[in-house]
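Structure, as C-alpha cells:
Hydrogens, waters and symmetry mates are skipped; everything else that's a heavy atom, side chains included, is used. The sequence lines fix the lettering, A, B, ..., with proteins before strands; numbering per chain opens at 1. Since the model is a prediction, treat every value here as computed from it, not as a measurement.
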There are 2 protein chains.
Amino acid sequence: MVVTIFRALDDETRRLVLDELASRDGQTLFEICSTLATRHGLSLTRQAISQHLGVLEEAGLVMTERRGRSKFHYFNPAPLAEITRRWPIPERTDP
Amino acid sequence: MVVTIFRALDDETRRLVLDELASRDGQTLFEICSTLATRHGLSLTRQAISQHLGVLEEAGLVMTERRGRSKFHYFNPAPLAEITRRWPIPERTDP
DNA sequence: ACCATAGGCAAGCGACGGCTTGCCTATCAA
DNA sequence: TTGATAGGCAAGCCGTCGCTTGCCTATGGT
C-alpha cells in the first residue's frame, strides 16, 4: 500500500513523533517511546510506535540509518513541500 | 467531532475538491459534482461530495455563502499555514 | 556459549471513515 | 399551488486504521 504524506500526517501520535525528531534528531525506537511517554503522557506499545515510524518512513518523512542493533530515525521535512506546491499558502494570515 | 486539517487532507477526493475550488472558486455542490465527474472520472453521489465539503468546511479549508437556494463554496488556504508553522519546510529540495 | 538488548513479523480486535440509500426541507418559477 | 431545483439529515454497510498480543531474528557484551 502506498502511504501518502497526507495519510502519514493524519494521526496525532505520528505528528508528535515528527515533533520529537524535529527537536532531537537521530533517536532510536526505544528513545522515541520513552520521550513520548514522559513528555506527552503517551502510553503506547513499542510496536505501535514502530508501526507509526514505518508509516512515516514510507511517506518519506522519516529517514533511517542502521548501526549495529540500533536504528536511528531522522526527520525529513522535504516531502511537505508537496502541500505548499499544490496549494500555495498566503504569506500573512491577518483577518 | 473535531475535524483537523490533517484529517481533511487525508482523502484524495477532498484534495481534488480543493484543486477544483482553487482553479474556479465559488462553485455550488452540483457544479463540483459535475466537474469532478467530467475532469477526474469521479462517479460519486451528491451526498458523498456534500459530506466531503462538510469536512472541508469544518476544517476551515472551505468557506461557504448561501444565496437563495444555492450555496457557494470558496477555498481558504489559510489553515494550511499550521503545517509550515509546525514543521518549517526547507526553501529548496535539491538532493 | 549464553543472555540481554534492539527491533521485526503477523494475526486479531474494536472503532472509525467513506459511501450509498431513502426521505425530508427550502427556495424559485409557472 | 404545484412542481422542479438545490441541498440536508440519518441509518446502515463495508473496508481500513490503530493498537495489542505473541513469537521470532539479530547484534553485542561477558
Minimum heavy-atom separation for Pro77(A) to Ile89(B), with atom names?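 What the structure gives for the nearest pair is O-CG2, 4.4 Å.
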
Going by number, which of residues 50-59 of chain A have a non-hydrogen atom under 4.0 Å from DNA chain D?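 The stretch gives Gln51(A), His52(A) as the residues lying under 4.0 Å from the strand, ordered by number.
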
Quick check with a 6.0 Å cut-off and a 45 degree axis cone: is Arg67(A) positioned over the face of Phe72(A)'s six-membered ring?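 Satisfied, under 6.0 Å and within 45°.
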
Closest-nucleotide ordering on DNA chain D, the 5'-leading residue of Thr13(A) and Arg46(A):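 Checking each residue's closest nucleotide, the 5'-ward one belongs to Thr13(A).
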
Cluster overlap [X] with [Y], hydrophobic side-chain contacts below 4.5 Å:
X: Leu53(A); Y: Val3(A); result: no
X: Ile83(A); Y: Val17(B); result: yes
X: Leu21(A); Y: Met63(A); result: no

With 3.5 Å as the limit, what N/O pairs link the protein to nucleotides 13-17 of chain D?
| from | atom 1 | to | atom 2 | distance (Å) |
| --- | --- | --- | --- | --- |
| dC17(D) | OP1 | Arg7(A) | NE | 3.1 |

Side-chain contact, heavy-atom cut-off 4.5 Å: Asp19(B) with Trp87(A)?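 Contact flag for Asp19(B)/Trp87(A) side chains = yes.
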
Any donor and acceptor pair, going by atom type alone, linking the side chain of [X] with main-chain N or O of [Y] inside 3.5 Å?
X: Asp10(B); Y: Leu9(A); value: no
X: His40(B); Y: Thr38(B); value: no
X: Arg14(A); Y: Ala8(A); value: yes
X: Glu31(A); Y: Thr28(A); value: yes

Scan residues 20-28 of chain A against DNA chain C and write down, sorted by residue number, each residue with any heavy atom closer than 4.0 Å; if none is found, say none.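 Listed by number, they are Thr28(A).
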
Test side chain to side chain donor-acceptor pair (under 3.5 Å) applied to Glu57(B) - qualifying residues, sequence neighbours left out: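 Testing Glu57(B) for side chain to side chain donor-acceptor pair (under 3.5 Å), a comparison that skips the adjacent residues, returns Thr64(B).
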
Contacts under 3.5 Å, N or O only, protein and nucleotides 27-30 of chain D:
| from | atom 1 | to | atom 2 | distance (Å) |
| --- | --- | --- | --- | --- |
| dT27(D) | O2 | Arg69(A) | NH1 | 3.1 |

So where does chain B start and stop touching DNA chain C, 5' to 3', when the test is distance under 4.0 Å to a non-hydrogen atom?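 Counting from the 5' end, contacts occupy dG17(C) to dC28(C).
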
Restricting to salt bridge (charged side-chain N to carboxylate O under 4.0 Å, His left out), what partner residues turn up for Arg15(B), sequence neighbours left out?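 Salt bridge (charged side-chain N to carboxylate O under 4.0 Å, His left out) list for Arg15(B), sorted by chain: Glu12(B).
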
Represent DNA chain C in dot-bracket notation, 5' to 3'. Only Watson-Crick or G-U wobble pairs with both distances under 3.5 Å count; pseudoknot-style crossings use [ ] and interstrand partners use |. ||||||||||||||||||||||||||||||

With a 4.0 Å cut-off on heavy atoms, is Ser43(B) in touch with a base, just the backbone sugar-phosphate, or nothing at all?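 Sugar-phosphate: the residue Ser43(B), judged by heavy atoms under 4.0 Å, touches backbone atoms but no base.
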
Please name all residues satisfying side chain to side chain contact (heavy atoms under 4.5 Å, CB included) with [X], sequence neighbours left out, ordered by chain then number.
X: Arg39(B); result: Glu20(B), Ser23(B)
X: Arg85(B); result: Ala81(B), Glu82(B)
X: Arg46(B); result: Leu29(B), Phe30(B), Cys33(B)

Rounded to the nearest 0.5 Å, how far apart are CD of Glu65(A) and OG of Ser70(A)?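 The CD atom of Glu65(A) sits 10.5 Å away from the OG atom of Ser70(A).
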
Quick check for you: to the nearest 0.5 Å, what is the distance between Leu18(A) atom CG and His73(A) atom NE2?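 Separation between the atoms: 11.5 Å.
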
For Val2(A), what are the other residues in its hydrophobic cluster, where any two members join if their side-chain heavy atoms are less than 4.5 angstrom apart?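 Grouped by the 4.5 Å side-chain rule, Val2(A) forms a cluster of one, so the answer is none.
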
Any side-chain N or O of Thr45(A) under 4.0 Å from OP1/OP2 of dT20(D)?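 Yes, within the criterion.
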
For the pair made of CZ in Phe30(B) and C1' in dA6(D), what is the distance, rounded to whole Å?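 Those two atoms, CZ and C1', are 5 Å apart.
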
